[in-house]
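Contents: one structure, followed by commentary.
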Amino acid sequence: MLDLKLIREKPEVVRESLARRREFAPLDEILALDESRRKVLAETEAFRARRNEVSKQIGKSGQKPRELIAEMRSVGDSIKSLEEEISSIESQLTDLTLRIPNILDPSVPDGEDASDNKLVRVGLDPRDLGFTPKPHWELGEALGIIDFERGVKISGSRFYLLKGMGARLQRALIHFMLELHICEHGYREIYPPFMVKKECMVGSGNLPKFADNLYHDAEEDFWFVPTAEVPLTNLHRDEILEPGTLPLYYVAFTACFRREKMAAGKDTRGMKRGHQFDKVEMYKFVTPETSDGELEKMVDNAEDVCRRLGLPYRVIQLCSADIGFASKKSYDLEMWAPGSDEWLEVSSCSNCGDFQARRANVRYRPSADAKVQFPHTLNGSGLALPRVFIAILENYQQADGSIVIPEVLRPFMKAEVIA
RNA sequence: GGAGGGAUCGCAUAGUGGUCUAGUGCGGCCGCCUGCUAAGCGGUUACCCUGAGUAAUCGGGGUCAUGGGUUCGAAUCCCAUUCCCUCCGCCA
């Protein structure tokens with residue numbers, strides 16, 4: 001959520017950012033509501049001050065002066081009706097404000113859509129396999145490690161199941177990624193709930209605007225996490241972090257649930273885009289001055305996974321029109337999948353500035369006598385599993401259809417090849 | 001799911017309709033004192049909104065789990081919700 005004062009004092013900054021995102025938000029309406037809220041609030045508080053003063057008098061005197069009590073009764077009525085007015089204004093105001101995306105970082109390139117994203121670097125070049133590579137859905141089914149048909153039988157379209165060495169590969173990847181981030185990159189492991197309260201979704205920025213991509217229980221206030229970013233953002237909700245606490249680095253493995261209401265076709269073939277997928281997520285709470293550098297470090301932590309797995313990848317900076325709602329600056333990591341013949345997004349690393357911290361009301365005290373401030377939050381996949389799974393199958397496939405297991409995974413797999 | 005108990009300033013507690021500007025102890029912070037000790041003395045101790053001011057700051061309002069209600073006035077009375085504890089039931 002943006003600071004209302006920023007909208008009030010520098011609406012042009014907000015407008016410019018919105019225009020770059022190719023988005024619209026009713027700023028004039030927000031400003032008008034804000035002004036009337038403050039006006040009505042001033043009136044209410046004047047009445048309250050009067051009531052406090054008189055009540056104290058009555059209390060001290062021990063008398064029951066009729067006139068004053070009569071006056072206070074009408075003052076009470078006025079307060080009540082003004083309060084109703086304020087709460088109605090406030091609910092409109094917050095509803096509108098919560099739908100405004102974050103202000104873009106100046107370094108974000110301008111663009112109309114995803115095709116304007118900027119290539120930052122190629123980490124590892126795709127290599128020639130020396131034969132025509134097969135897509136993972138063919139490889140996986142032939143090896144008996146991915147079962148699309150039974151996934152659909154059990155849960156419907158966009159579900160699959162992993163079997164034998166497939167399931168083991170998935171588990172090995174999770175283990176490998178967690179260990180890397182914990183032991184070498186300094187993150188602390190968190191195992192969070194996979195279902196959260198509505199407020200958490202508001203805190204992370206998924207609600208109110210993106211309800212149609214979320215699963216939730218109809219009877220209880222349980223929302224299925226679309227990413228571990230949601231529970232991690234809310235880990236310190238309504239807290240004030242003591243001096244010396246920052247930076248905080250967290251890493252969590254969760255399943256992720258998304259409705260992904262898009263038509264079936266090339267974009268959803270195989271295990272690329274299911275309703276449920278596994279992901280290891282990195283998350284940071286940092287001081288504002290350090291967040292730019294922390295984003296670069298986080299991207300490097302994600303790249304490290306790609307490097308160690310020996311998978312071709314590149315780093316993209318998202319342009320103004322493609323960047324996420326809560327983010328002010330984002331990089332995506334894409335892995336090359338030779339069988340599917342495309343670059344697959346395996347990570348998105350974002351600096352959200354104080355946007356999520358405001359929503360989730362996470363604050364910190366820079367030093368013992370300093371005023372509280374909002375920290376900056378960053379999130380990044382490290383990495384999203386199914387697409388890494390795909391990349392391993394398609395890049396490590398042999399002419400005979402077997403898969404050589406990347407060296408770093410062998411200790412977890414207790415095997416060198418899937419055949 | 002059923003029955004009962006509880007929720008107060010970082011922690012522990014006091015407070016059962018107006019003097020609560022929420023007291024006290026511990027802890028924290030700032031001084032002072034003491035040639036030693038987890039010693040003593042004094043002060044201080046949250047957050048949000050809003051108005052004035054360049055600012056330090058000052059004024060007003062709000063917050064005793066949350067939301068409603070009763071009342072001139074609510075930490076205190078009433079109702080609902082949430083969470084925690086105890087017991088019963090069920091259950092990996």
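Lettering follows sequence order; numbering is per chain, from 1.
In this structure, the CG atom of A:N52 is 8 Å from the C1' atom of B:G61, given to the nearest Å. Between A:K371 atom NZ and B:C47 atom P the separation is 9 Å, expressed in whole Å. For the pair A:E84 CD and B:G67 C1', the computed distance is 14 Å after rounding to whole Å. Look at CD on A:E9: it is 14 Å from C1' on B:U50, rounded to the nearest Å. Whole-Å rounding puts the A:E53 CD to B:G61 C1' distance at 14 Å. For the pair A:E199 CD and B:U66 P, the computed distance is 13 Å after rounding to whole Å. Computed from coordinates, the A:R51 CZ to B:G60 P distance equals 16 Å when rounded to whole Å. Distance, A:E45 CD to B:C48 P: 16 Å, rounded to whole Å.
Using P as the reference atom, B:G1 and B:G73 are 38 Å apart when rounded to the nearest Å. Taking the P atoms as reference points, B:A74 lies 11 Å from B:G18, given to the whole Å. Nucleotides B:G2 and B:A92 are separated by 22 Å at their C1' atoms, to the nearest Å. Using atom C1' as the reference point in both B:G40 and B:C33, the two lie 8 Å apart (nearest Å). Look at the C1' atom in both B:G61 and B:C29: the space between them is 28 Å, to the nearest Å. The gap from the C1' atom of B:A22 to that of B:G15 amounts to 8 Å, rounded to the nearest Å. Look at the C1' atom in both B:G5 and B:A65: the space between them is 16 Å, to the nearest Å. Spacing between B:C9 and B:A14 at atom P, rounded to whole Å, works out to 13 Å.
Checking B:G18, B:C49, B:G62 against every side-chain atom of A:I58, the shortest atom distance belongs to B:G18. Across B:U50, B:G73, B:C47, the shortest atom-to-atom separation from the side chain of A:R365 is found for B:C47. Across B:G69, B:U50, B:C72, the shortest atom-to-atom separation from the side chain of A:K80 is found for B:G69. For A:V372, counting side-chain heavy atoms from C-beta on, the closest listed nucleotide (B:U50, B:G61, B:C47) is B:C47. With distances taken from any side-chain atom of A:S55 to the nucleotides B:G62, B:C47, B:G18, the minimum falls on B:G18. Checking B:C47, B:G51, B:G61 against the side-chain heavy atoms of A:A49 singles out B:G61 as nearest.
With both pairing distances under 3.5 Å, B:A74 is matched to nothing as a Watson-Crick or G-U wobble pair. With a cut-off of 3.5 Å on both pairing distances, the Watson-Crick or G-U wobble partner of B:G23 is B:U13. Summarising the base pairing, B:G59 is matched to B:U50 through a Watson-Crick or G-U wobble pair whose two defining distances lie under 3.5 Å. Base pairing annotation: B:G89 forms no Watson-Crick or G-U wobble pair, as no partner gives both donor-acceptor distances under 3.5 Å. B:U81 and B:A65 make up a base pair, with Watson-Crick or G-U wobble contacts both under 3.5 Å. Taking a pair to require two hydrogen-bonding distances under 3.5 Å in either a Watson-Crick or a G-U wobble arrangement, B:G31 pairs with B:C41.
With hydrogens and angles ignored, the 3.5 Å screen pairs a side-chain donor or acceptor of A:N234 with a backbone N or O of A:C200. Not one N or O on the side chain of A:Q397 forms a donor-acceptor pair closer than 3.5 Å with the backbone of A:L139.
Distances shorter than 4.0 Å separate some side-chain N or O of A:R73 from OP1 or OP2 on B:C72. Between A:R48 and B:C49 there is no side-chain N or O to OP1 or OP2 distance below 4.0 Å. A:R363 has a side-chain polar atom (N or O) that falls below the 4.0 Å cut-off from OP1 or OP2 of B:C48.
Counting any heavy atom pair closer than 4.0 Å across all strands shown, A:R50 reaches no nucleic acid atom. A:L68 comes within contact range of no nucleotide atom at all, as no heavy-atom separation falls under 4.0 Å. At the heavy-atom level, A:R358 lies nowhere under 4.0 Å from the strands shown.
Classification of A:R158 and A:E260 as a salt-bridged pair fails, no side-chain N sitting under 4.0 Å from a carboxylate O.
Annotation: of the two residues near RNA chain B, A:K197 and A:L4, the 5′-most nearest-nucleotide partner is A:L4. With the nearest nucleotide of RNA chain B identified for both A:V54 and A:I240, A:V54 has the one nearer the 5' end.
In this model, no donor atom of one side chain and acceptor atom of the other lie less than 3.5 Å apart for A:T254 and A:E281. When only modelled atom types and interatomic distance are considered, A:S340 and A:K272 share no side-chain donor-acceptor pair under 3.5 Å.
Between A:F285 and A:Y250, the angle of the ring planes goes over 60°, which puts this pair in the perpendicular group of the 30/60° scheme.
Here the straight-line distance linking atom CZ of A:R37 with atom CG of A:L93 works out to 7.0 Å at 0.5 Å rounding. Here the CD atom belonging to A:E45 is positioned 10.5 Å from the CD1 atom belonging to A:I79, to the nearest 0.5 angstrom.
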